K.L.:
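This structure is in structure tokens; I'll ask about it shortly.
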4 protein chains.
Amino acid sequence: MPTPTWERLPEAKRDAVRRAAEEEFGVRGYNAASLNTICREAGISKGSLFQYFPDKADLFVHLIARASHDIRSAMEAASTDLPWMTDYFGSVNLLMDAWISYFYDHPRHRQMLVSANLEHNPSALAAVREAVYVDYLEVIGGMIDLGIAIGALREDTDRDALVAAIIMLLPHIALGPHVRGLDPLLGLAGSDRTHATSVGRRLIQVLLGQYVTQSVPKEP
Amino acid sequence: MPTPTWERLPEAKRDAVRRAAEEEFGVRGYNAASLNTICREAGISKGSLFQYFPDKADLFVHLIARASHDIRSAMEAASTDLPWMTDYFGSVNLLMDAWISYFYDHPRHRQMLVSANLEHNPSALAAVREAVYVDYLEVIGGMIDLGIAIGALREDTDRDALVAAIIMLLPHIALGPHVRGLDPLLGLAGSDRTHATSVGRRLIQVLLGQYVTQSVPKEP
Amino acid sequence: MPTPTWERLPEAKRDAVRRAAEEEFGVRGYNAASLNTICREAGISKGSLFQYFPDKADLFVHLIARASHDIRSAMEAASTDLPWMTDYFGSVNLLMDAWISYFYDHPRHRQMLVSANLEHNPSALAAVREAVYVDYLEVIGGMIDLGIAIGALREDTDRDALVAAIIMLLPHIALGPHVRGLDPLLGLAGSDRTHATSVGRRLIQVLLGQYVTQSVPKEP
Amino acid sequence: MPTPTWERLPEAKRDAVRRAAEEEFGVRGYNAASLNTICREAGISKGSLFQYFPDKADLFVHLIARASHDIRSAMEAASTDLPWMTDYFGSVNLLMDAWISYFYDHPRHRQMLVSANLEHNPSALAAVREAVYVDYLEVIGGMIDLGIAIGALREDTDRDALVAAIIMLLPHIALGPHVRGLDPLLGLAGSDRTHATSVGRRLIQVLLGQYVTQSVPKEP
DNA sequence: TATGAATGAGAATTCATTCAT
DNA sequence: TATGAATGAATTCTCATTCAT
């Protein structure tokens, strides 16, 4: 956890530190990221950084948790206005669109979460698990449960397997499947938002298709 | 590529080095793995290791490629005797069973491939891509194409999206979904082979279910 | 370039580091010099040295450039009061005396510049070229040009060949001709300042003799 | 000294080892030269090399001494037919031409002797001193003594200073003054044999000019 | 509260030399 | 006589963390 000193800091300085750290963790990964670099870019001293966060891992966890929380908020906001009751499947697709858009609008968050997903260091990984997947489980799980409850998904849906599959795929869809050698298949590397969105929809279809009871809406 | 010296080494020593290196890369990941540790565990001197492999990256790539090749061979052997024509979906499930079993029988390979999948270092990642994903694309792609060709899968199957989704999920299924925070859902951590197999089948069903034209066989 | 940290260091510590480094580079040459040894002798930790200089080459260049600059300043100071107009050849000799004296007073500089002149490493050599020879070319070239301009040297003097010859000989004269097997001839090894000065004058005579238009002054 | 084993070796193998070693010492210098590389290029094993020469220094000394001896022989052969009695200064120039030509014809020797002259390692340097400068002293000293004896050089020539100056300049003239920052002055880097020869003559003139009693011959 | 110099363990890699076969 | 695997000390350089100012 950040120290009280960190909380008392002016927002501008906190922002500078966060930006520098997200960039560095995003580009180099947790282990290879250098606190030297972060301090230099943020314009603070080494000593200061250790007065804000007890150690490197703690800084990382803080950033991941914040990003995850931001995303969840964005998703919940986007979800509010969707016609879940009347067009469930369309709403799922629109939510996925919003999610993909979020990462196009917040490239530093995207990059850092890619790194987090690639992380092997046990304590960093534990942080990702606790900070990110809890949110995922709640949001995705809730979405599927709603679908079943309102009859938009078949009653015999294998809820847990489906939620798990979606969560496993999520990082690949928005964060960059190309890092995993799938690019020849899906052509996502360097693609624009429109193409990424359309690929996202195809994957949703593969996962949800068999459970949908409504007629599947066409792409706009 | 390993040096000629490596090729001439007695199998026992090669095995000791491979074991130690797979273990270290598996536990700590490419970047954090220490050649010091590998040497100590393998009982060789630092100088020797560099007479076997030109550098760290080369050792890593060698191990990954070897493991990947072993797995593909095991899969192709397992595939040969399956009744693809008469029970396509059952064969898919049995192939998945074999695949999961392989990793239960070769825990060091499993662990190292998990690490490889988590790798952030770009050049190490490129090695993984080339060594592992090419095999995956061929084996999985071939399996789906066969299903479509013989009418076991629907003609309008989104072949690429499906192959991509399977490949994205593969590492999670056999290599450890628990590392990604999904354990509360699937209960795989420390589970036995039987439970892992059953989870694998549920995920296959989620992915393939809608495209299957045959009646789905029950678990044995 | 040295880091800001280096600039802020107390002079005593900077001096200790410079001494140790000049000694080590002088005794062993750039390539063979050990940063370990330098740190030990300077009484600082390995980490500290790399907070002062980005790498080994930078430390080397810094020392060479500093020494060269010191020498040039000393030469220009010595040159100021000489009677160039009325006794050009005598002034050349007195300048040479000052130059030889400088190295007797700064034995570490002498030794390090000998090493620098023996350097085989291309990038270290480039540094020497840029730091040292530019000064030499300017000072020696200027001196010859002046001699020609005021009529102290013959008009048909092969200016470039003469400057080149002097510059080629300079390191040998003051920095130690004995290292090149010439000692049986000149008896410089371990000699005192007086003998070295007299040898210097003989070499000047060999080089300049034919071009001098004034009567050559006797040694004092 | 090479071992008896080395002497018994077939000439072809000895030649391969010499070539490889001259190349490596020439390109990288004594300290940085790698016996690994030499063995690989020569096509022999590490063990063999150490059965031919007791250690690295000994191999280096052997090569230097051999090259120096070759050069001396070539100079003495070239000297034989020169008209020393009737055209001393012209003969000096022609000898210098032959010397420069030798290095254009034996680039590996040239390069290795450049390295030797740049060497800082004490034992390697001692070898250079003993092997090379003894020859230089005898050949150049004899040449000057002859000039004085036959009256081609003035009686009051400062024989030792002159010999020393010539020997100091020799490596620069044929071996590459460009490495010492003099190229802007003399334009020798990458120059052809003709230009190098003409530069050599200008330097001879600068050194010998004042002592010559004959009229100086023009360049052909 | 901020600073930034100091630390030293640890990283990958190279190399001349030895010696059992 | 030839081989080439083994060695381990030495190299430059990085980094998170501490602590006196």
Side-chain angles (χ1 to χ4, degrees), chain A residues 3-6 8-9 13 28 31-40 43-59, chain B residues 3-10 13 31-39 43-59, chain C residues 3-10 13 31-39 43-59, chain D residues 3-6 8-9 13 28 31-40 43-59:
Chain A
T3 62
T5 305
W6 168 257
R8 278 185 232 113
L9 242 38
K13 180 177 269 194
R28 309 238 276 138
N31 263 337
S34 160
L35 299 187
N36 271 346
T37 304
I38 292 172
C39 289
R40 190 184 342 107
I44 63 165
S45 69
K46 295 278 275 299
S48 291
L49 190 61
F50 281 88
Q51 284 196 319
Y52 305 152
F53 298 92
D55 55 28
K56 189 186 188 181
D58 200 89
L59 167 60
Chain B
T3 63
T5 302
W6 169 258
E7 309 294 351
R8 280 189 294 259
L9 241 38
K13 178 173 274 192
N31 263 345
S34 160
L35 299 186
N36 278 350
T37 303
I38 292 173
C39 291
I44 62 167
S45 72
K46 253 188 279 193
S48 289
L49 188 60
F50 283 89
Q51 288 212 355
Y52 306 152
F53 298 91
D55 54 28
K56 189 185 186 180
D58 200 274
L59 168 59
Chain C
T3 63
T5 301
W6 169 257
E7 309 293 350
R8 281 189 293 259
L9 240 40
K13 178 173 274 192
N31 263 345
S34 161
L35 299 185
N36 279 350
T37 303
I38 292 172
C39 290
I44 61 168
S45 72
K46 254 186 281 191
S48 289
L49 188 59
F50 284 89
Q51 288 212 356
Y52 305 154
F53 299 91
D55 54 29
K56 187 185 187 181
D58 201 272
L59 168 59
Chain D
T3 63
T5 305
W6 169 257
R8 279 187 230 111
L9 241 39
K13 180 177 269 195
R28 309 238 277 140
N31 263 338
S34 160
L35 299 187
N36 272 346
T37 304
I38 292 172
C39 289
R40 191 186 338 110
I44 62 166
S45 70
K46 295 279 275 303
S48 291
L49 189 60
F50 280 87
Q51 283 198 317
Y52 305 152
F53 299 92
D55 54 28
K56 188 186 188 181
D58 200 90
L59 167 60

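Predicted model only: the values in this text are computed from it and were never measured. Just so it is clear: chains get the letters A, B, ... in the order the sequence lines come, proteins before strands, and each one is counted from 1.
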K.L.:
Distance check needed: E:dA16 P versus D:Arg40 CZ, whole Å only.
P.N.:
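Atom CZ in D:Arg40 sits about 12 Å away from atom P in E:dA16.
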K.L.:
Of all the choices, F:dA6, F:dT1, F:dA5, which nucleotide is nearest to the side chain of B:Lys13 once you look at every atom?
P.N.:
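Nearest to the side chain of B:Lys13 among the choices is F:dA6.
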K.L.:
Looking only at side-chain atoms of A:Tyr52, point me to the closest of E:dT7, F:dA5, E:dA2.
P.N.:
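Between E:dT7, F:dA5, E:dA2, the one nearest the side chain of A:Tyr52 would be E:dA2.
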K.L.:
Quick one: side chain to side chain donor-acceptor pair (under 3.5 Å) partners of B:Thr5, sequence neighbours excluded?
P.N.:
none
K.L.:
What is the separation between atom CD1 on A:Ile44 and atom P on E:dA5, rounded to the nearest whole Å?
P.N.:
15 Å
K.L.:
Both atom distances under 3.5 Å, Watson-Crick or G-U wobble: I'd like the secondary structure of DNA chain E as a dot-bracket string, with | for pairs made across strands.
P.N.:
.||||||||||||||||||||
K.L.:
Checking C:Asp58 now: which residues fulfil side-chain contact (heavy atoms from CB on, under 4.5 Å) with it, not counting sequence neighbours?
P.N.:
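If we apply the side-chain contact (heavy atoms from CB on, under 4.5 Å) test to C:Asp58, skipping adjacent residues, the hits are C:Pro2, C:Phe53, C:Pro54, C:Asp55.
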K.L.:
How many angstroms lie between atom NZ of B:Lys56 and atom CG of B:Leu49, to the nearest 0.5 angstrom?
P.N.:
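B:Lys56 atom NZ to B:Leu49 atom CG measures 11.0 Å (nearest 0.5 Å).
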K.L.:
For the pair made of CG in D:Leu59 and C1' in E:dC15, what is the distance, rounded to whole Å?
P.N.:
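Going from CG in D:Leu59 over to C1' in E:dC15 covers 15 Å.
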K.L.:
Any side-chain N or O of D:Ser48 below 4.0 angstrom from OP1/OP2 of F:dT3?
P.N.:
yes
K.L.:
Send over the distance from B:Phe53 CZ to F:dA6 P, rounded to a whole Å.
P.N.:
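About 12 Å, once rounded to whole Å.
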K.L.:
With B:Thr3, which residues qualify under side chain to side chain donor-acceptor pair (under 3.5 Å), at least two apart?
P.N.:
none
K.L.:
Between B:Leu9 and C:Pro54, which residue's closest nucleotide on DNA chain F lies nearer the 5′ terminus?
P.N.:
B:Leu9
K.L.:
Could you work out, with side chain to side chain donor-acceptor pair (under 3.5 Å) as the rule, every residue matching D:Arg28, not counting sequence neighbours?
P.N.:
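Partners of D:Arg28 under the side chain to side chain donor-acceptor pair (under 3.5 Å) test: D:Glu24.
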K.L.:
Looking at every non-hydrogen atom in both residues, tell me the closest pair between C:Cys39 and C:Ser45 and how far apart they are.
P.N.:
SG-O, 3.9 Å
K.L.:
What is the distance from atom CG of C:Leu35 to atom CZ of C:Phe50, rounded to the nearest 0.5 Å?
P.N.:
5.0 Å
K.L.:
Could you state the atom-to-atom distance from CD of B:Gln51 to C1' of E:dT18 in whole Å?
P.N.:
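In whole Å, E:dT18 C1' and B:Gln51 CD are 12 Å from each other.
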K.L.:
Is any side-chain nitrogen or oxygen of C:Arg8 closer than 4.0 Å to OP1 or OP2 of E:dT3?
P.N.:
no
K.L.:
In whole angstrom, what separates A:Trp6's CH2 from E:dA2's P?
P.N.:
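That distance rounds to 11 Å.
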K.L.:
Within the sub-3.5 Å range, which N or O atoms of nucleotides 9-11 of chain E have a protein N or O partner, and how far apart are they?
P.N.:
unit_1, atom_1, unit_2, atom_2, d
E:dG10, O6, C:Lys46, NZ, 3.4
E:dA11, OP1, B:Ser34, OG, 2.9
E:dA11, OP2, B:Asn36, ND2, 2.7

K.L.:
Whole angstrom is fine here: how far is it from CD1 in D:Ile38 over to C1' in E:dC15?
P.N.:
12 Å
K.L.:
Only counting residues at least two apart or in another chain, list the ones meeting ring pair (Phe, Tyr, Trp, His ring centres under 6.0 Å) with D:Tyr52.
P.N.:
D:Trp6
K.L.:
Would you tell me if any nitrogen or oxygen in the side chain of B:Ser45 comes within less than 4.0 Å of OP1 or OP2 on F:dT7?
P.N.:
yes
K.L.:
Measure CG/C:Leu49 against P/F:dT11 and give the value in whole Å, please.
P.N.:
13 Å
K.L.:
Considering only F:dT18, E:dT17, F:dA5, which nucleotide approaches the side chain of D:Phe50 most closely?
P.N.:
E:dT17
K.L.:
Please enumerate all residues that pass side chain to side chain donor-acceptor pair (under 3.5 Å) together with D:Asn36, with sequence neighbours excluded.
P.N.:
D:Lys46
